[in-house]
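Within every chain, numbering begins at 1; the chains are lettered A, B, ... in the order of the sequence lines, protein sequences first and strands thereafter.
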Amino acid sequence: NAGVTQTPKFRVLKTGQSMTLLCAQDMNHEYMYWYRQDPGMGLRLIHYSVGEGTTAKGEVPDGYNVSRLKKQNFLLGLESAAPSQTSVYFCASRNPGQETQYFGPGTRLLVL
Amino acid sequence: GENVEQHPSTLSVQEGDSAVIKCTYSDSASNYFPWYKQELGKRPQLIIDIRSNVGEKKDQRIAVTLNKTAKHFSLHITETQPEDSAVYFCAASKSGAGANSKLTFGKGITLSVRP
């Protein structure tokens with residue numbers, strides 16, 4: 001049981017490049033979340049999904065898109081990366097009725 | 001929306017002493033309050049949580065207390081050890097709200113335990 005995994009672990013992008021971060025969970029969780037973590041800012045919700053085929057905006061959605069084509073996967077896309085998107089990105093998942101969110105190991109992204 | 005604040009932002013204690021970390025929240029409808037611990041370079045992990053129908057919860061050296069009237073909750077760590085050094089995040093949400101039950105996190109507190 002791998003839990004929540006994230007790919008890649010680390011990536012360097014140039015301004016304007018695009019990329020997709022992958023989150024996968026094998027716990028059959030309905031809900032999945034993408035957060036970004038910046039120094040002194042805590043964890044801020046970017047987008048979330050309450051089931052396959054559904055997505056919704058969180059607190060800081062601008063510059064990101066997401067897709068949930070399969071229940072176990074939640075993709076976060078950056079169409080045109082900006083230095084302000086340099087951050088550590090965490091994915092999390094849980095089931096309805098169970099409040100505990102399980103986090104992935106994180107993806108460290110550096111945009112130059 | 002909900003606003004969660006943590007104070008202080010850093011805390012240093014001597015090994016063996018107790019540490020108390022406080023959080024305040026703004027939305028009186030919030031009823032679920034977890035605490036996450038994040039070691040350097042690692043993922044956040046739940047260490048304890050409390051619901052609004054309970055005033056206190058303990059798990060070995062860790063306890064959480066909740067004051068609904070004042071809208072604040074605190075993490076208490078007794079007999080601190082060097083491995084307790086980490087960033088601690090508090091959060092709040094409206095449990096039972098289904099898809100709208102999203103966690104709002106505080107900015108985190110860095111706890112350092114001096115050997």
Which atoms of B/Q6 are under 4.5 Å from chain A, going by heavy atoms: the side chain, the backbone, both sets, or neither? neither
Heavy atoms under 4.5 Å from chain A: which residues of residues 44-59 of chain B carry them? B/P44, B/L46, B/D49, B/R51
In terms of heavy-atom contacts, does NZ of B/K37 have more than 12 from other residues, nucleotides or ligands at under 6.0 Å? yes
If hydrophobic clusters are built by linking Ile, Leu, Val, Met, Phe, Trp and Tyr wherever their side-chain heavy atoms come under 4.5 Å apart, do B/W35 and B/I109 end up in the same one? yes
Please classify the contact between A/Y102 and chain B as side chain, backbone, both or neither, with a heavy-atom cut-off of under 4.5 Å. neither
Evaluate whether atom NZ of B/K22 has more than 12 neighbouring non-hydrogen atoms of other residues, nucleotides or ligands under 6.0 angstrom away. no
Heavy-atom donor-acceptor pair, B/Y36 side chain to A/Q101 backbone, under 3.5 Å: yes
For atom CD of B/E79, is the number of surrounding heavy atoms from other residues, nucleotides or ligands below 6.0 Å larger than 12? no
Report whether A/L22 and A/F74 are members of the same hydrophobic cluster (ILVMFWY, side-chain heavy atoms less than 4.5 Å apart, transitive linking). no
Quick check for you: to the nearest 0.5 Å, what is the distance between A/Y31 atom OH and B/K102 atom NZ? 10.5 Å
The reported gap from CG in B/L103 to OH in A/Y48 (rounded to nearest 0.5 angstrom) is 12.0 Å
Hydrophobic cluster identity match, A/V88 and A/Y64, side-chain contacts under 4.5 Å: no
Tell me whether B/Q81 at atom CD has more than 12 heavy atoms from other residues, nucleotides or ligands lying less than 6.0 Å away. yes
Quick one: what part of A/P105 sits under 4.5 Å from any heavy atom of chain B, side chain, backbone, both or neither? both
Is there a side-chain contact (heavy atoms from CB on, under 4.5 Å) between A/Q37 and B/F89? Walk through the geometry before answering. CA-CA 12 Å; A/Q37 183 177 27; B/F89 292 98; 3.1 Å; yes
Part of A/L43 lying under 4.5 Å from any heavy atom of chain B: both
Taken to the nearest 0.5 Å, the spacing of A/E59 CD from B/E2 CD works out to 11.5 Å
For chain B, find which of A/G104, A/G97, A/G106 contributes the most heavy-atom pairs closer than 4.5 angstrom. A/G104
Atom CZ of A/R108 with >12 non-hydrogen neighbours under 6.0 angstrom: no
Atom group of A/F103 that falls short of 4.5 Å from chain B, counting heavy atoms: both
Crowding at CD, B/Q60 (>12 non-hydrogen neighbours, <6.0 Å): no
Is B/L40 atom CG crowded by more than 12 heavy atoms from other residues, nucleotides or ligands, each under 6.0 Å away? no
Linking I/L/V/M/F/W/Y whenever any side-chain heavy atoms sit under 4.5 Å apart, do B/Y88 and B/Y25 land together? yes
Can B/Y32 be reached from A/L45 by stepping across I, L, V, M, F, W or Y side chains whose heavy atoms are under 4.5 Å apart? yes
Using heavy atoms and a sub-4.5 Å threshold, report which of residues 63-72 of chain B line up against chain A, by residue number. none
B/S93 versus chain A, heavy atoms under 4.5 Å apart: side chain, backbone, both or neither? side chain
